[in-house]
Participant: 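Here you go, one structure.
Quick note on labels: first sequence line is chain A, next is B, and so on, each numbered from 1.
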Amino acid sequence: MNIKEEHTGPVKSLNFIESIIEEDIRNNKNDSRVHTRFPPEPNGYLHIGHAKSICLNFGLGKKYNGLTNLRFDDTNPTKEEEEYVNSIMEDVRWLGFDWEDRLFYASDYFDQLYEWAEKLILDGNAYVDDQTAEEISQQRGTPTRPGKESPFRDRDPQANLELFRRMKNGDFPDGSRVLRAKIDMASPNMHMRDPVMYRIMHTPHDRTGDKWCIYPMYDYAHGQSDYIEGITHSICTLEFEIHRPLYDWFLDKIIDTEYRPRQIEFARLNLSYTVMSKRKLLELVKEKLVSGWDDPRMPTVSGLRRRGFTPESIRNFADRIGVAKRDNVIDVALLEHSVREDLNKKAMRVMGVIDPLKVVITNYPEGEEEALEAINNPEDESAGKRMIPFSREIYIERDDFMEDPPRKFFRLAPEREVRLRYAYIIKCEEVIKDADGNITELRCTYDKDTRSGGPAAGRKVKGTIHWVSAEHALPAEIRIYDRLFLKENPDEVEEGKDFKSNLNPDSLEVRKGYVEPGLADADPASRYQFERRGYFCVDSRDSKPGALVFNRTVPLRDSWSRMQGK
RNA sequence: UGUCCGAUGGUGUAACUGGCAACACGUCUGAUUUUGGUUCAGAAGAGUCCAGGUUCGAGCCCUGGUCGGACAACCA
């Protein structure tokens, strides 16, 4: 049998990282092992961009029967907090990935890193520089002009070692000295101009406490951490591309085995109309422009989770956007599509009225009620059926009625008929308004024979609308998050303008609505479709018994409003 | 007057050792539908940044440009 025909559908082509990995495997590099890692700095919450990296790294590990580590890059104690460590672990797990027993911290390697630093000093590959940060910075030159060598550059190794040990012992104040790699101050690559390896910081570290007052820089720590963990493919974003020569330089000076981790860079995710910088997200949180890192408007994993996204939908999204090296801006519509696709299969269809308008069915007997059968999910027969109460007074959605309907409006209007889903066909007989002319109530009549399953159930009307029985319905707060958190695409905003002036003022709308009574004990993990109005989930943080709060995950694809928008 | 990287429909990603530019999202049409959802059928939309070259044949190879991005924290 032909191998290609064993699988249905087209053979999926490899992305460029997979091609590199497969070539390495063919060449038996690192014994053909594949071992990746996800290395966040615990200085913020994970966002959808990190999700791309997580799916990539863990996905590659799985695809090539390899392993994937979780490693916290905690080399800067002034910026990192335990709260972030915990949220990151929670988010990675929620996304559906497992690092098993391979949870590491760069700080686990401080001793080894220090030892290697002494080796570099003794080999004449590193020196202690007594200059200030400003002096060093001035000597670094510019991308087009070479730098100048430090006056301390040729100090002899023993003296350097002595000084470095004293740095470690706390003999010097912050900023007074650094350890630098001795490479090439004239290198066209700025990162090779004697980069700083260690700086003095008399700051306790979350994990090592007061043990250290010197801390390694990213460039010195990262490759060596990869090496220690046996990482084969160290995948990072494009801005580290220019660091790669340095990554390799340290490894070459320190390690004398065949085995080498290999750094591969890919383009980070950009989403249209979405703030994606940790710094800016932190600013929104600190200035309380959002309710927290998990505000449903935030593109954070926790925000998306609270908003009702599923891990599957995010994984599918990550799969669809692919991996490449060119800068990209993914349309948020693709993210929304990924959620809808998943939720369409899973979400229970329920009645939920967001902006209620009362309807009295004048010919329905007062005080009478009946239970009507409703289908839980037409996409999934196993989801079953349920009964919902119907009575003389109901609520419908305000915009399901128009006094002056435009052409092609299929729903309720004066003298027009519409079907109440799972119930009867009703006809609008009278519109009641208050003194200001606002519509407060509709008077309708119903056609008894058109009840679902009844003798005239087959009678066709143009529209079907949703409703809840006024007497039975549960009041609920419904939060509508606009699809756009920003008014304009970030790169279209004027240079120098504060990004916060670009926030969409309509990004959150809070409504008092009603949902059907069965939702009283709704589970935050369950997803619902309020038919024709979108996907919703119970807000896990703000809902209390008897006071339901729903977040709208995403609206339905809606050709009527698209038509209106034109 | 630097180094590194990139350039394929509106968006993203493909095209194996050169062989009719494919897939997804989006857009539009039509059918079905007790959700203007879903599903189904279909359409439009690029000739691959430019100029040369090699070749029977170039998105892929070569040369030279153009445009865009990254790099001058004791951040990661």
Participant: Of the nucleotides B/rA24, B/rC75, B/rC71, which one has an atom closest to the side chain of A/P143?
Facilitator: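 Side chain of A/P143 sits closest to B/rC71.
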Participant: Side chain of A/L556 only, heavy atoms from C-beta on: which candidate in B/rA24, B/rA70, B/rG37 is closest?
Facilitator: B/rG37
Participant: With A/L343, which of A/Q529, A/E379, A/R527, A/E312 fulfils side-chain contact (heavy atoms from CB on, under 4.5 Å)?
Facilitator: A/R527
Participant: Run the ring-centre check on A/H222 versus A/F240 and record whether the distance is less than 6.0 Å.
Facilitator: no
Participant: With a sphere of 6.0 Å drawn around CZ of A/R398, does it hold more than 12 non-hydrogen atoms of other residues, nucleotides or ligands?
Facilitator: yes
Participant: Going by distance alone, is a donor N or O of one side chain under 3.5 Å from an acceptor N or O of the other, for A/N316 and A/S338?
Facilitator: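 Their side chains do not contain a donor-acceptor pair, so the 3.5 Å distance test is not met.
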Participant: Give A/Y215 one of three labels, base, sugar-phosphate or nothing, depending on what nucleic acid heavy atoms sit under 4.0 Å from its own.
Facilitator: nothing
Participant: For A/F530, run the ring-ring contact (aromatic ring centres under 6.0 Å, His included) check against A/Y535, A/W467, A/F550 and tell me which one passes.
Facilitator: A/F550
Participant: Side chains of A/E229 and A/Y109: do they bring a donor and an acceptor to under 3.5 Å?
Facilitator: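 On atom types as modelled, these side chains qualify, holding a pair under 3.5 Å.
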Participant: What integer number of Å spans the P atoms of B/rA31 and B/rG68?
Facilitator: 48 Å
Participant: Give A/V323 one of three labels, base, sugar-phosphate or nothing, depending on what nucleic acid heavy atoms sit under 4.0 Å from its own.
Facilitator: sugar-phosphate
Participant: Mapping A/R411 and A/I321 onto RNA chain B by nearest heavy atom, which one lands closer to the 5' end?
Facilitator: A/I321
Participant: Separation of A/R421 atom CZ from B/rG37 atom P, in whole Å?
Facilitator: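 About 13 Å, once rounded to whole Å.
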Participant: Honestly, is A/K448 close enough over A/Y424, meaning NZ or CZ under 6.0 Å from the six-membered ring centre and within 45° of the axis?
Facilitator: no
Participant: Going by an N to O cut-off under 4.0 Å, is there a salt bridge joining A/R562 and A/D558?
Facilitator: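 Judged by the 4.0 Å cut-off on N to carboxylate O distance, A/R562 and A/D558 do not form a salt bridge.
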Participant: Between the base of B/rA76 and the side chain of A/H243, is there a donor-acceptor distance below 3.5 Å?
Facilitator: yes
Participant: When you measure from the side chain of A/H337, which nucleotide among B/rU13, B/rC4, B/rC25 comes out closest?
Facilitator: B/rC25
Participant: Is it the case that the side chains of A/R37 and A/S234 hold a donor-acceptor pair, with the cut-off being a distance below 3.5 Å and no angle test?
Facilitator: yes
Participant: Using the purine O4'-C1'-N9-C4 or pyrimidine O4'-C1'-N1-C2 torsion, is B/rG64 syn (within 90° of 0) or anti?
Facilitator: anti
Participant: Closest to the A/E379 side chain: B/rC25, B/rC74, B/rG37?
Facilitator: B/rG37
Participant: Quick check on RNA chain B: between A/D331 and A/G463, whose nearest nucleotide comes earlier from the 5' end?
Facilitator: A/D331
Participant: Rounded to whole Å, please give me the gap between CG in A/D380 and P in B/rG37.
Facilitator: 21 Å
Participant: What distance, rounded to whole Å, do you find between the two C1' atoms, one in B/rG9 and one in B/rC25?
Facilitator: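 Roughly 12 Å separates the two C1' atoms.
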Participant: Hey, does A/F409 reach any base, or is it just sugar-phosphate, or nothing, if we go heavy atoms under 4.0 Å?
Facilitator: base
Participant: Looking only at side-chain N and O atoms, does A/K408 come under 4.0 Å of OP1 or OP2 in B/rG36?
Facilitator: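 For A/K408, the contact criterion (side-chain N or O under 4.0 Å from OP1 or OP2 of B/rG36) is not met.
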Participant: Can you tell me how far C1' in B/rC20 sits from the matching atom in B/rG57, rounded to whole Å?
Facilitator: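 Roughly 12 Å separates the two C1' atoms.
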Participant: Starting at CD1 of A/I388 and ending at P of B/rU34, how long is that distance when rounded to a whole Å?
Facilitator: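 Rounded to whole Å, this separation is 17 Å.
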Participant: Taking N and O atoms by type only, does the side chain of A/R532 place a donor or acceptor under 3.5 Å from a partner on the base of B/rU35?
Facilitator: no
Participant: Mind checking who B/rG57 pairs with, Watson-Crick or G-U wobble, both distances under 3.5 Å?
Facilitator: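 Partner of B/rG57: none found under 3.5 Å.
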Participant: How many Å lie between CG on A/N377 and P on B/rU34, as a whole number?
Facilitator: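 Atom CG in A/N377 sits about 17 Å away from atom P in B/rU34.
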Participant: May I have the distance from A/E241 (atom CD) to B/rG6 (atom P), rounded to whole angstrom?
Facilitator: 7 Å
Participant: Does the side chain of A/R320 get closer than 4.0 angstrom to OP1 or OP2 of B/rG26 through an N or O atom?
Facilitator: no
Participant: Is A/T78 touching bases, backbone alone, or none of the nucleic acid, heavy atoms closer than 4.0 Å?
Facilitator: nothing
Participant: Is A/R199 near enough to B/rC75 that one of its side-chain N or O atoms lies under 4.0 angstrom from OP1 or OP2?
Facilitator: yes
Participant: Atom CG of A/D355 and atom CD1 of A/I478: how far apart are they, to the nearest 0.5 Å?
Facilitator: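 Separation between the atoms: 9.5 Å.
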Participant: Return the pairing partner of B/rA7 with a 3.5 Å limit on both distances, Watson-Crick or G-U wobble; otherwise return none.
Facilitator: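 Pairing partner, where one exists within any strand: B/rU66.
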Participant: Could you tell me whether the side chain of A/T464 has a donor or acceptor atom within less than 3.5 Å of a complementary atom in the base of B/rU35?
Facilitator: no
Participant: In whole angstrom, give the distance that lies between atom CH2 of A/W467 and atom C1' of B/rU35.
Facilitator: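 Taking atom C1' of B/rU35 as the reference, CH2 of A/W467 is at 14 Å.
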Participant: What is the nucleic acid contact for A/T142, judged by heavy atoms within less than 4.0 Å: base, sugar-phosphate only, or nothing?
Facilitator: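 Here A/T142 touches the bases of the nucleic acid.
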Participant: Using atom C1' in both nucleotides, what's the gap between B/rG59 and B/rA46 to the nearest angstrom?
Facilitator: 11 Å
Participant: Looking at B/rC71, B/rG37, B/rC74, which one has an atom nearest to any side-chain atom of A/V196?
Facilitator: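 Comparing B/rC71, B/rG37, B/rC74 against the side chain of A/V196, the answer is B/rC74.
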Participant: From the list B/rA76, B/rU35, B/rA14, which nucleotide is the closest neighbour of the side chain of A/T75?
Facilitator: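 Of all the options, the side chain of A/T75 is nearest to B/rA76.
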Participant: Say you pick atom C1' in B/rC49 and the same atom in B/rC60; how far apart are they, in whole Å?
Facilitator: 15 Å
Participant: Rounded to whole angstrom, note down the P distance from B/rC5 over to B/rU38.
Facilitator: 44 Å
Participant: For the side chain of A/V178, counting heavy atoms from C-beta on, which of B/rG36, B/rC74, B/rA15 is nearest?
Facilitator: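 For A/V178, the side-chain atoms sit closest to B/rC74.
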Participant: Starting at atom CZ of A/R349, determine the distance to atom C1' of B/rU35, rounded to an integer number of angstrom.
Facilitator: 8 Å
Participant: Going by a 90° cut-off around 0, is B/rA21 syn or anti?
Facilitator: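 For B/rA21, whose glycosidic angle is more than 90° from 0, the conformation is anti.
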Participant: Starting the side chain at C-beta, find the nucleotide from B/rG26, B/rU3, B/rA70 nearest to A/E239.
Facilitator: B/rA70
Participant: A/A324 near the nucleic acid: base, sugar-phosphate alone, or nothing, with a heavy-atom cut-off under 4.0 Å?
Facilitator: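 Sugar-phosphate only.
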Participant: Does a side-chain N or O from A/R326 land closer than 4.0 Å to OP1 or OP2 of B/rU8, or not?
Facilitator: yes
Participant: Counting side-chain heavy atoms from CB outward, which of B/rC28, B/rA76, B/rC5 is closest to A/R562?
Facilitator: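 Nearest to the side chain of A/R562 among the choices is B/rC28.
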Participant: Taking atom P in both B/rG64 and B/rU27, what distance in whole Å separates the two?
Facilitator: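 The same atom, P, in both gives a distance of 45 Å.
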Participant: Counting Watson-Crick and G-U wobble pairs only, both distances under 3.5 Å, name the nucleotide matched with B/rC23, or none.
Facilitator: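 Answer to the pairing question: B/rG12, which forms a Watson-Crick or G-U pair with B/rC23.
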Participant: If I take atom CG in residue A/N15 and atom P in nucleotide B/rA14, what distance separates them, rounded to the nearest angstrom?
Facilitator: 7 Å
Participant: Which one, B/rA15, B/rG37, B/rG12, comes nearest to the side chain of A/P378?
Facilitator: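 Of B/rA15, B/rG37, B/rG12, B/rG37 is nearest to the side chain of A/P378.
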Participant: Can you tell me the pairing partner of B/rU38 across any strand shown, Watson-Crick or G-U wobble, with both distances under 3.5 angstrom?
Facilitator: none
Participant: With a cut-off of less than 4.0 Å, is there a side-chain N or O of A/R140 near OP1 or OP2 of B/rC74?
Facilitator: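 Checking B/rC74 against A/R140, a side-chain N or O does come within under 4.0 Å of OP1 or OP2.
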Participant: Rounding to the closest angstrom, what is the interatomic distance between B/rU1 and B/rC16 at atom C1'?
Facilitator: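 Here B/rU1 and B/rC16 have their C1' atoms 42 Å from each other.
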Participant: For a quick check of understanding: with a heavy-atom distance under 4.0 Å over all strands, which category does A/M217 fall into, base, sugar-phosphate or nothing?
Facilitator: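 The residue A/M217 makes sugar-phosphate contact but no base contact.
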Participant: Please classify the nucleic acid contact of A/L238 as base, sugar-phosphate, or nothing, using heavy-atom distances under 4.0 Å.
Facilitator: nothing
